[in-house]
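Here the structure comes first, spelled out in structure tokens, and everything after it is commentary.
Residue numbers begin at 1 in each chain, while the letters A, B, ... track the order of the sequences.
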Amino acid sequence: MKHVLLAGAAALALTAGSVRAEQLTVFGPWLGPDQENVEKVLAAFAAETGHDVRYVGSDSFEQQIVVDAEAGSAPNIAVFPQPGLAADMAKRGFLTPLAEGTAEWIRDNYAAGQSWVDLGTYEGPDGQPHLYGFFYKVDVKSLVWYVPENFEDAGYEIPQTMEELKALTEQIVADGGTPWCIGLGSGGATGWPATDWVEDLMLRTQPPEVYDAWVKNEIPFTDERVIAAIDEFGWFLRDEFVAGGRKAVASTDFRDSPKGLFTSPPQCYMHRQASFIPAFFPEGTVVGEDADFFYFPAYEGKDLGKPVLGAGTLWAITNENQAAHDLIKWLQKPEAHEIWMGLKGFLTPHKGVDPSKFSDPTLRKMNDILLAATTFRFDGSDLMPGAIGAGAFWTGMVDYAGGKPAAEVAAEIQAAWDAIK
Amino acid sequence: MDNIAGTRSALGWAVNLSVLALVLLWLFPTVGLFVSSFRTADQIATTGWWKALVPAEQNLTLRTAPPETQREENGRYVIAGNLFLEDGREPAEISAWGISSRAIDAYRPGETAELRRGGTITVEANGDYRMESAEPFTGSRGQRVFVTAEIPPEFTLENYDKVLGKGVVKRLAVYALAALIFAFAVRWSLRDREGWLVAALPTVAGLALLVALSLVFGLSEGEAEGAQTTDNMSRAFFSTLTVVIPATVIPITIAAFAAYALAWMEFPGRALLIAAVVGLLVVPLQLALIPLLKLHLAIGIGKGYLGVWLAHTGFGLPLAIYLLRNYMVGLPRDIIECAKVDGATDFQIFARIVLPLSFPALASFAIFQFLWTWNDLLVAKVFLIDATGETTVMTNAIVELLGTRGGNWEILATAAFVSMAVPLVVFFAMQKYLVRGLLAGSVK
């Protein structure tokens, strides 16, 4: 009934020659602080265009969007944290290609535009590649968070190389502390923080070409270079290096994990996590004073430059209407980016935005890390097919944290990948 | 001859022990959750709920006032104040303190420590501190001070205020008390009368007063701290009621008719039909989620209350029919045959004889269905919650809380208890039927 009314009102508005207002539903993975932020952005869109915009978040987004799409009750716009899942859905015909000209716009206005176009372009049900996804909100993942005052108390320096980071880790243990807080729990997505670790270490132990081949499965998971990267992560997982011991890693929620930095006495000194994590710091924590971050360093001895791992959310149309196209068009305006820049945890590749709009200087510092990168690679698990990147890889890493050998875990993930080929 | 009624089984103690074990198994986490819901985040982080009544030693990180508040006294720069008040806490007794995260209990109260950046700090047992330096203090923040203090046990309604709205629990308790007194007064004034209506009147009057008070004086004292959370929770609460009540009534109504037919009406294929119902008991509902949702969308029901009622009805019916049919089959044949001889139709037998006699079985199934539709998340997610976000249920609201406040145990415990409150009331109000009904169909 509502639809009929809305359609009637829309038809009336159309004949009157004004903008027609529609209901637009947006479904995404953000809850809590991020949900409030995205709602502010969407409210600005609603105010400007008159559309009735609704946002719903879920922490089992990956599962729910598939159920909704299969049953035919999909929202108008879905915000995918993972291009891999979006590619699956595009192939099955659940996504609508974006309007003509969007690809050109991205190429011209995003830093490294072509790579963002490539990341959003998938094969449709007709076998032809189309641009399905628009990137909005980017995260830098290669960050290590710490409490500067705790480092001062203990007299630790910020490590510039991976060798120094490992030495610092051992130093902290020798001083009777615990260096790392690592938590993999995340509801239906439990395990993903570990995939970031492995990808970051992959970029630090192998050239980017090997990383690309691994993500496309041209070299299998069982390759010794991949297993070596997993074991490299295992080095950090030693009982004495992690708060609560290795057993606690899989059962600790990634949102709770950074809180160990702020306890008295500190449960840990360092936490490797993406740029969005301050949203989960204890209330009142000021980034830059109470907590800060440094670049997750590269090996000095390997000469692989300064690789940076990143990710982003991809907005795709799952249920076409004019309002959905309007939103994608609106997200291309600098103002759409500047609203969230003024809030928390937002980075953007948009070249036209005013950097002074960032809410705090630390976000600019993150952008500097992004710019200083000699290699930028997108989160590999997000590029892998959904069944791997949002499935076998996650559960495999949970098993690995639980004590299973890397070779066995890799063989299982590879078997899952072979099964979907 | 052990099992003759009236003699005690030799294994009686084993039964008693296992009942005790089950009761403890349920009580232990529930009481813990209940106690935790009245504690503050700090207390939960430092001690278990079983220590809620004794003072706990806590390690706190407090900060002095920032350097901009310093004064000059006799050529020295001074910052003074109370650590606890600075942090907005109740004053407590400090047993040890420190200024480095490596040695948080390096000093006793009254001792003086050298600051790394020059100057000294003295902290007294009550939290008073005094920082002195010949040079002005610099920086934008106060000095961190780690204190170990005995924090007295503290219980708070703040968590409930956060989840439900400010003052809701307090007001609800007052209204409920008033309603209870009123109900007793009504019962007392009607003590000489008899009849079904008179017996129900006190309860109805009490409930009516409760609703009237809530409507007239309101439940909340105004804007709560977590306005969004509060809003979500109360909306989810009523949304859940909208799902649960029809989802309990509809299957019982259908199942009662079906059970009578399967128990007492002769028609070909009856045994096969019963076998089919029993067979359906083992079909997992997950199997039907997507096909059923597709059907709902195809016939225009879409996602919404109607869809979720139908889904719960469908998933609940096999057990309902099975339970009620087995109970009804056990009713004495003589009564029903007498009624038939007297010329009663099947509907009259059903409505006048079988239905009143089956009350315990109906009540016990009602409790079952109520409890699992109340606690359901999966069916609601698939059939109810759509992309507009207009409908939600309590379980989903709690999952969202978990997503955003994964570490805030005090909020989670409170939310869990709020969602448990209604099933608990239903259970305790109707538990005598549950026990009777549990035996339905099993003993003749």
Within a radius of less than 6.0 Å around CD of A/E157, do more than 12 heavy atoms belonging to other residues, nucleotides or ligands occur?
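No - once you tally the heavy atoms of other residues, nucleotides and ligands closer than 6.0 Å, there are 12 at most.
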Proximal component of B/L60, with respect to chain A [non-hydrogen, under 4.5 Å]
backbone
Check whether B/I99 gets within reach of chain A through its side chain, its backbone, both or neither, counting any heavy atom under 4.5 Å.
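For B/I99, the backbone is the part near chain A, not the side chain.
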Based on non-hydrogen pairs under 4.5 Å, which of A/D175, A/D68, A/V53 is most in contact with chain B?
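Of the options given, most contacts go to A/D175.
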Checked A/S186, A/A154, A/S257, A/G72 vs chain B; the most non-hydrogen pairs under 4.5 Å come from A/A154
Of A/F27, A/F61, A/W315, which is the lone residue that meets ring-ring contact (aromatic ring centres under 6.0 Å, His included) with A/F80?
A/F61
Relative to chain B, which segment of A/Q64 carries a heavy atom at a distance below 4.5 Å: side chain, backbone, both, or neither?
side chain
For A/F151, which atoms come within 4.5 Å of any heavy atom of chain B: side chain, backbone, both, or neither?
neither
Pick whichever of B/K294, B/Q58, B/R102, B/K303 has the most heavy-atom pairs under 4.5 Å with chain A.
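The candidate making the most pairs under 4.5 Å is B/R102.
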Please answer whether the main-chain N or O of B/N59 pairs with a side-chain N or O of B/T148 as donor and acceptor at a distance below 3.5 Å.
no
B/R108 side chain to B/S95 main-chain N or O, any donor-acceptor pair under 3.5 Å?
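Such a contact is found between B/R108 side chain and B/S95 backbone.
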I'd like to know if A/E149 pairs up with B/R63 as an ion pair, taking the criterion as any Lys NZ or Arg NE/NH1/NH2 lying under 4.0 Å from an Asp or Glu carboxylate oxygen.
yes
State whether A/W340 and A/K40 meet the cation-pi test: NZ (Lys) or CZ (Arg) under 6.0 Å from the six-membered ring centroid, and within 45° of the perpendicular axis.
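Not flagged: A/K40 not positioned over aromatic ring of A/W340.
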